[in-house]
Amino acid sequence: MPGMSEQDPELAKKAARAQFILYGVMVLFVVLPFILLWLKRRGAFN
């Protein structure tokens, strides 16, 4: 992306944090169904 080098550091820090949060949420939604499926197979919801 052009213009990223002259971005102020505070905004870059916020953008990086937002990106980490976004990736964390994405990973959570990928892993969560497998965890729930595993718990269901072990009979945790009975």
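Small disclaimer: the values here were computed from a predicted structure and weren't measured.
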Should Phe29 and Phe34 be regarded as members of a common hydrophobic cluster, given that ILVMFWY residues are connected when their side-chain heavy atoms come within less than 4.5 Å of each other, either directly or indirectly? no

* Asked: Transitively linked via ILVMFWY side-chain contacts under 4.5 Å: Leu36 with Val25?
  -> no

If you group Ile, Leu, Val, Met, Phe, Trp and Tyr by side-chain heavy-atom gaps below 4.5 Å, do Leu37 and Leu39 land in one group?
-> no

So CD1 of Ile21 and CG of Leu28: to nearest 0.5 Å the spacing works out to 13.0 Å

Grouping ILVMFWY residues whenever side-chain heavy atoms fall under 4.5 Å, the cluster of Met26 otherwise contains Leu22, Tyr23

